[in-house]
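A quick write-up on the structure given underneath.
Only heavy atoms go into these numbers, but all of them, side chains included; no hydrogens, no water, no symmetry mates. Source: prediction; values computed, not measured.
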Amino acid sequence: MPNIFAPSSNLIGKLAIIGVAASPLVAMITISQFTRSGYVTKVGTAFEQPVPFSHEHHVTELGLDCRYCHTSVEKSAKAGYPATHTCMSCHSQVWSNSPLLEPVRESYEKNVPLKWTTLNKVPEFVYFNHSIHISRGVNCNNCHGPVQAMQMAYKGRPFQMTWCLDCHRHPEKYVGKPGSAFDLYEKIRKTKTGTVLHDEKTGKKEWAGSGLTEEEQTLMVGDQYVRKGEELEEGKKLVKEYNIKVEQLSDCAVCHH
């Protein structure tokens, strides 16, 4: 009696069984990668704003202090958006007739706040306090990427929980001396650097200028710096000085109230 199934049927059957067994794992990996993709997290995507504000121009070229616009970053959970009168303190005299600034002038005349589009936002069930991190010397670029080099602001980090936990479990890698959170931008203002350069052949990010430490140079291009040796030991000393309870920082209640 001839065979009903071809010899290759055994192989096909085995592969089918393996495929069915592996499909849940493949589905989990696919979904995980999708949720971490730029399409979902919007990392690197500049959103439309009522006014095309350039951080590179205002911070790097003009030397404005971050706190001139983000007035509550040192004393509140939120960094805050600039009020219209803050913008007009300059633009009532500079580029006062520019069509790009018409929304600012209209906002000022009608006394109606500009509606800025929020780029960096944690879920509603997560609590984040800017002032605590700033007071511990954590530089803005750790979380927001190379802000001083952004023509149009974009989201610099995905804000995934595993990334936040790494900082909470190892704060010595991120904390800085009291009042040092804005040192990078002060040095940029003094040395007239801050523009991020890109190698067209390799795509590698580089920094322009000098006078910055290796850590500051790395943060300037929006990358995370890995402390080692004396730098790490200095970070551990600061953790003790700040009386940071590392074992408590990983407690769910710290961020999820």
Is there side-chain contact between [X] and [Y], with at least one heavy-atom pair below 4.5 Å?
{"X": "His256", "Y": "Val126", "answer": "yes"}
{"X": "Asp251", "Y": "Val254", "answer": "yes"}
{"X": "Ser131", "Y": "Val73", "answer": "no"}
{"X": "Glu172", "Y": "Leu238", "answer": "no"}
{"X": "His133", "Y": "Arg136", "answer": "no"}
{"X": "Thr45", "Y": "Lys155", "answer": "no"}

> What distance separates Glu61 CD from Ser54 OG, expressed to the nearest 0.5 Å?
Replying inline: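 Answer for the CD-OG pair, Glu61 versus Ser54, is 6.5 Å.
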>> Would you compute the distance between atom CG of Leu114 and atom OH of Tyr81 and round it to the nearest 0.5 angstrom?
In response: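 Leu114 CG to Tyr81 OH: 12.0 Å, rounded to 0.5 Å.
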> Between Met220, Glu56, His55, which is the residue that forms a side chain to side chain contact (heavy atoms under 4.5 Å, CB included) with Gln148?
Replying inline: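 When Met220, Glu56, His55 are each tested with Gln148, the side chain to side chain contact (heavy atoms under 4.5 Å, CB included) holds only for Met220.
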> Would you say the side-chain atoms of Asn139 and Glu215 include a donor-acceptor pair closer than 3.5 Å?
Replying inline: no
> Would you say the side-chain atoms of Ser135 and Tyr242 include a donor-acceptor pair closer than 3.5 Å?
Replying inline: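 Side chains of Ser135 and Tyr242: no pair found under 3.5 Å.
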> How are the rings of His91 and His58 set relative to one another: parallel (under 30°), tilted (30 to 60°) or perpendicular (over 60°)?
Replying inline: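 If you compare the ring of His91 with that of His58, the planes turn out perpendicular.
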> What class does the angle between the rings of Tyr185 and Phe182 fall in, given that below 30° is parallel, 30 to 60° is tilted and above 60° is perpendicular?
Replying inline: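 Tilted.
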> Any ion pair linking Asp166 and Lys173 (charged N to carboxylate O, less than 4.0 Å)?
Replying inline: yes
> In terms of hydrophobic clustering (I, L, V, M, F, W, Y; side-chain heavy atoms under 4.5 Å; direct or indirect links), are Val175 and Val246 co-clustered?
Replying inline: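 Yes, Val175 connects to Val246 through the hydrophobic network.
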If you count every heavy atom of other residues, nucleotides or ligands that lies below 6.0 Å from [X] atom [atom1], does the total exceed 12?
{"X": "Glu247", "atom1": "CD", "answer": "yes"}
{"X": "Trp95", "atom1": "CH2", "answer": "no"}
{"X": "Tyr225", "atom1": "OH", "answer": "yes"}
{"X": "His57", "atom1": "NE2", "answer": "yes"}
{"X": "Lys240", "atom1": "NZ", "answer": "no"}

> Okay, side chain of Ser72, backbone of Lys78: is any donor-acceptor separation there less than 3.5 Å?
Replying inline: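 Such a contact is found between Ser72 side chain and Lys78 backbone.
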